[in-house]
Asks: 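Pasting a structure here, questions to come.
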Amino acid sequence: MKIEVVENVMQYNKEEADINRRLFKANKVFVINILSAPGAGKTTLIMETIRRLGDKYNIGVIEGDISSTHDSEKIKSLTDDVVQINTGGTCHLNASMVAKAVEKIDIKKLDILFIENVGNLICPVGFDLGESSRLLLSSVSEGDDKPVKYPKAFVKTDLVILNKTDMLPYSDFNDDFFSGKIKELNPEIEIIRLSCKSGQGVQGWIDWIENNI
Ligand SMILES: Nc1nc2c(ncn2[C@@H]2O[C@H](COP(=O)(O)OP(=O)(O)OP(=O)(O)O)[C@@H](O)[C@H]2O)c(=O)[nH]1
Ligand SMILES: [Mg+2]
């Protein structure tokens, strides 16, 4: 009985995600769902991307957090097209929350929509939001063992970014171990290494967007 309820929830989410996907496609919006642990740099990466691509594309942002408008206020300094979802304790976004948030944005005028998921490497993984691509953002300060401990997050993604590479000289992060584990889990996946702080490698991410949009 319990299993049936869980399946129903996931089936409902899938149907809602498909509706979102059709809406995004009809409006030619490239939607990127960003997953990471808390503090890996999702908001910083979104802001850096808007700084670099904001003159060329109309970029909107849906900010997912358990509470507060802290991140959306930062984004607001760069674009008006930002909507905050406060999940009120739920540890991930779902497709219905995104559908409601999208009603508050002029989706027709957007080229790119970032969805910053709730910082968490477990719960958001199973919830399709209707995105075009999923990005798993990891960072040097979290350690090199995240692919071992949270494997599903590294399997169900279209791209992995390793952020905060400016911290490599001050840490014992082993990139061979990190990338080796990811390749075992997801042999075809691309890994982009960058630092939002120094700017090193960020162009690789910008190129990835422009090649996939
Ligand atoms: N050293 C260094 N710090 C960074 C880098 N990118 C982001 N940070 C810092 O990391 C901290 C967290 O960054 P955020 O962008 O808020 O991270 P987040 O993933 O959005 O965090 P949550 O929304 O709380 O999950 C901030 O103090 C950033 O300035 C980087 O490349 N290098
Ligand atoms: Mg954030």
Side-chain angles (χ1 to χ4, degrees), residues 31-53 59 61-68 70-75 77-78 82 87 91-93 112 114-127 129 131 133-209 212:
V31 182
I32 306 174
N33 178 12
I34 307 181
L35 272 61
S36 87
K42 297 179 293 300
T43 307
T44 310
L45 182 70
I46 291 169
M47 292 179 73
E48 192 52 34
T49 309
I50 296 173
R51 284 191 198 100
R52 291 178 183 235
L53 286 178
I59 303 176
V61 182
I62 294 175
E63 275 293 331
D65 280 301
I66 284 176
S67 68
S68 93
H70 191 69
D71 284 354
S72 51
E73 279 162 29
K74 287 190 210 165
I75 305 275
S77 65
L78 298 173
V82 53
T87 65
C91 54
H92 60 86
L93 296 179
I112 299 170
F114 289 110
I115 304 175
E116 178 176 338
N117 220 309
V118 179
N120 183 331
L121 285 178
I122 308 163
C123 314
V125 175
F127 285 82
L129 305 180
E131 66 265 24
S133 285
R134 187 179 285 196
L135 162 64
L136 192 282
L137 182 66
S138 202
S139 68
V140 169
S141 54
E142 289 159 55
D144 54 22
D145 58 1
K146 293 297 133 337
V148 180
K149 296 170 83 170
Y150 304 95
K152 274 194 182 160
F154 290 83
V155 172
K156 293 191 160 199
T157 191
D158 299 300
L159 175 69
V160 173
I161 287 182
L162 176 66
N163 185 29
K164 308 195 187 182
T165 54
D166 58 283
M167 295 177 83
L168 281 169
Y170 316 106
S171 97
D172 60 359
F173 189 97
N174 182 334
D175 195 350
D176 288 341
F177 180 76
F178 176 78
S179 49
K181 288 292 168 193
I182 294 173
K183 292 287 174 190
E184 277 174 26
L185 293 163
N186 198 343
E188 303 301 321
I189 199 77
E190 184 180 352
I191 305 171
I192 295 176
R193 293 160 183 81
L194 57 81
S195 164
C196 289
K197 186 171 181 155
S198 73
Q200 194 177 29
V202 176
Q203 188 56 46
W205 156 240
I206 299 296
D207 292 343
W208 185 91
I209 294 174
N212 286 277

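Bear in mind that the values here come from a model prediction, so they are computed numbers and not experimental data.
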Asks: Measure the shortest side-chain to side-chain distance between L121 and L136 over non-hydrogen atoms and say whether it is less than 4.5 angstrom.
Replies: yes
Asks: Could you go step by step and tell me if I46 and E63 meet the side-chain contact (heavy atoms from CB on, under 4.5 Å) rule?
Replies: CA-CA 10 Å; I46 291 169; E63 275 293 331; 4.1 Å; yes
Asks: Only counting residues at least two apart or in another chain, list the ones meeting salt bridge (Lys or Arg N to Asp or Glu O under 4.0 Å) with D175.
Replies: R193
Asks: If you look at every heavy atom in I192 and W208, which pair is closest and at what distance?
Replies: CD1-CB, 4.0 Å
Asks: Any donor and acceptor pair, going by atom type alone, linking the side chain of N120 with main-chain N or O of H92 inside 3.5 Å?
Replies: no
Asks: L78 vs M47, test: side-chain contact (heavy atoms from CB on, under 4.5 Å). Steps then yes/no.
Replies: CA-CA 7 Å; L78 298 173; M47 292 179 73; 3.7 Å; yes
Asks: I need the full list of ring pair (Phe, Tyr, Trp, His ring centres under 6.0 Å) pairs touching residues 178-197, with sequence neighbours left out, sorted by first then second residue.
Replies: F173-F178
Asks: So, T43 and D71: side-chain donor and acceptor under 3.5 Å apart, yes or no?
Replies: yes
Asks: Ignoring hydrogens, what is the shortest heavy-atom contact between K42 and G119? Give both atom names and the distance.
Replies: NZ-CA, 3.7 Å
Asks: Mind checking the OG1-CD1 spacing from T157 to I182? Nearest 0.5 Å is all I need.
Replies: 9.5 Å
Asks: Out of V82, I75, I50, I209, which residue meets the side-chain contact (heavy atoms from CB on, under 4.5 Å) rule with I59?
Replies: I50
Asks: Spell out, as yes or no, whether a donor-acceptor pair under 3.5 Å connects the side chain of T165 to the backbone of L194.
Replies: yes
Asks: Work out which heavy atom in V118 is nearest to a heavy atom in L93; give both atom names and the distance.
Replies: CG2-N, 4.3 Å
Asks: Look at atom NZ of K183 and say whether more than 12 heavy atoms of other residues, nucleotides or ligands are closer to it than 6.0 Å.
Replies: yes
Asks: Looking at every non-hydrogen atom in both residues, tell me the closest pair between N174 and D176 and how far apart they are.
Replies: OD1-N, 3.0 Å
Asks: For the residue pair I189 and L159, what are the closest heavy atoms and their distance?
Replies: CD1-N, 3.6 Å
Asks: What are the two closest non-hydrogen atoms of V202 and C196, and how far apart are they?
Replies: CG2-CA, 4.4 Å
Asks: Does NZ belonging to K74 count more than 12 external heavy atoms closer than 6.0 Å?
Replies: yes
